[in-house]
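Only this structure's heavy atoms are used, side chains among them; waters, hydrogens and symmetry mates stay out. Numbers here simply count residues along the sequence, with the first being 1.
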Amino acid sequence: MGLVVLIPLIMMIRSDFRQREVNMYCLVCFGLLQFFYVYWLFGVYEVLKRGIINLGILLFLGLGIVLYLKVRRVRWVRVVHDYIGLGDILFFIFLIPVFKELEFIRFLLVSFIFSLIWWGVYSLRTEVLTIPLVSTVGICYVVLVVFRFLFDELKIQLL
């Protein structure tokens with residue numbers, strides 16, 4: 001069942017790479033599948049615990065980004081419209097219940113580093129100014145989901 005979340009995610013990755021926008025239906029479908037899968041695996045208490053801790057982490061990071069952009073004297077309207085899209089924000093919110101607190105920080109670090117490397121390499125070839133964050137972080141998440149699925153299958157077969 002864990003691989004089912006990859007269907008809307010791959011559609012979002014493709015859309016974000018091509019048009020720099022994410023289909024809201026795919027995003028909501030991804031979020032609902034994520035929530036129900038984590039709820040099914042861990043229960044309501046763990047979902048709430050992860051939600052509170054990881055939301056705090058996201059709010060802290062978001063505050064840092066907003067403060068950085070304000071220091072650069074970017075108008076508030078441009079922050080939400082040009083720098084951080086609603087799809088990016090919702091995508092990260094939908095990832096909240098999936099990870100334990102330290103796993104979430106590690107995942108964000110690795111995926112953000114991958115996003116910056118991708119942007120650096122890609123921007124050498126073209127005049128791209130934006131990072132398709134849902135795509136680059138989504139690719140990292142696809143790798144993680146497939147790895148977890150294969151590891152769980154191997155663990156089951158070894159027992």
Side-chain angles (χ1 to χ4, degrees), residues 2-39 47 50-150:
L3 295 179
V4 174
V5 299
L6 297 182
I7 296 168
L9 180 58
I10 290 171
M11 292 169 57
M12 289 188 306
I13 289 170
R14 184 174 178 260
S15 170
D16 194 31
F17 267 136
R18 289 185 173 192
Q19 300 145 350
R20 292 293 193 271
E21 53 185 45
V22 176
N23 185 326
M24 196 56 73
Y25 294 116
C26 289
L27 188 61
V28 170
C29 182
F30 171 76
L32 289 173
L33 287 171
Q34 286 284 95
F35 175 77
F36 287 122
Y37 182 64
V38 173
Y39 174 75
V47 169
R50 290 178 179 192
I52 291 168
I53 293 169
N54 292 340
L55 183 61
I57 292 168
L58 273 184
L59 289 174
F60 178 74
L61 292 174
L63 180 65
I65 291 168
V66 169
L67 289 176
Y68 167 74
L69 292 172
K70 288 314 256 177
V71 166
R72 290 190 53 209
R73 301 197 188 271
V74 176
R75 289 184 28 221
W76 177 250
V77 174
R78 290 199 58 212
V79 168
V80 175
H81 185 264
D82 294 343
Y83 293 96
I84 305 167
L86 180 62
D88 298 332
I89 294 168
L90 290 176
F91 179 72
F92 285 112
I93 289 172
F94 291 147
L95 287 178
I96 284 175
V98 176
F99 298 98
K100 294 179 185 175
E101 51 278 346
L102 289 178
E103 286 178 346
F104 191 54
I105 294 170
R106 285 186 204 123
F107 174 77
L108 289 176
L109 285 173
V110 169
S111 60
F112 289 160
I113 289 169
F114 172 73
S115 299
L116 287 173
I117 291 170
W118 178 89
W119 175 74
V121 170
Y122 191 73
S123 66
L124 291 175
R125 289 189 246 150
T126 61
E127 297 276 332
V128 67
L129 297 175
T130 60
I131 298 174
L133 204 55
V134 170
S135 294
T136 53
V137 173
I139 289 170
C140 294
Y141 188 63
V142 166
V143 170
L144 181 70
V145 168
V146 169
F147 179 75
R148 282 182 175 175
F149 177 77
L150 292 176

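- A pairwise comparison of heavy atoms in S115 and I131 identifies CB-CG2, 4.0 Å as the closest pair.
- Between the CG atom of L9 and the OG atom of S135 there is a distance of 9.0 Å, given to the nearest 0.5 Å.
- Under the 3.5 Å distance criterion, the side-chain polar atoms of S15 are left unmatched by any main-chain donor or acceptor of M11.
- Note that the CD1 atom of I57 and the CG atom of L102 stand 7.5 Å from one another [nearest 0.5 Å].
- Proximity of L133 to F112: side-chain heavy atoms (C-beta onward) are separated by under 4.5 Å at one or more points.
- Side-chain atoms of Y122 and T136, non-hydrogen and from C-beta on, never get closer than 4.5 Å to each other.
- Using a 4.5 Å cut-off on side-chain heavy atoms (C-beta onward), F91 and V22 make no contact.
- Put simply, CZ on F94 and SG on C29 are 10.0 Å apart, with the number rounded to the nearest 0.5 Å.
- F104 and F60 have their aromatic ring centers separated by at least 6.0 angstrom.
- Put simply, the residue from V134, V146, L95 that forms a side chain to side chain contact (heavy atoms under 4.5 Å, CB included) with Y141 is L95.
- F99 has its side chain within reach of L144: a pair of non-hydrogen atoms, C-beta onward, lies under 4.5 Å apart.
- Remark: L59 CG to N54 CG distance equals 11.0 Å, nearest 0.5 Å.
- How far SG of C140 is from CG of L108: 10.0 Å, rounded to the nearest 0.5 Å.
- Distance check: L3 CG to F149 CZ gives 4.5 Å after rounding to the nearest 0.5 Å.
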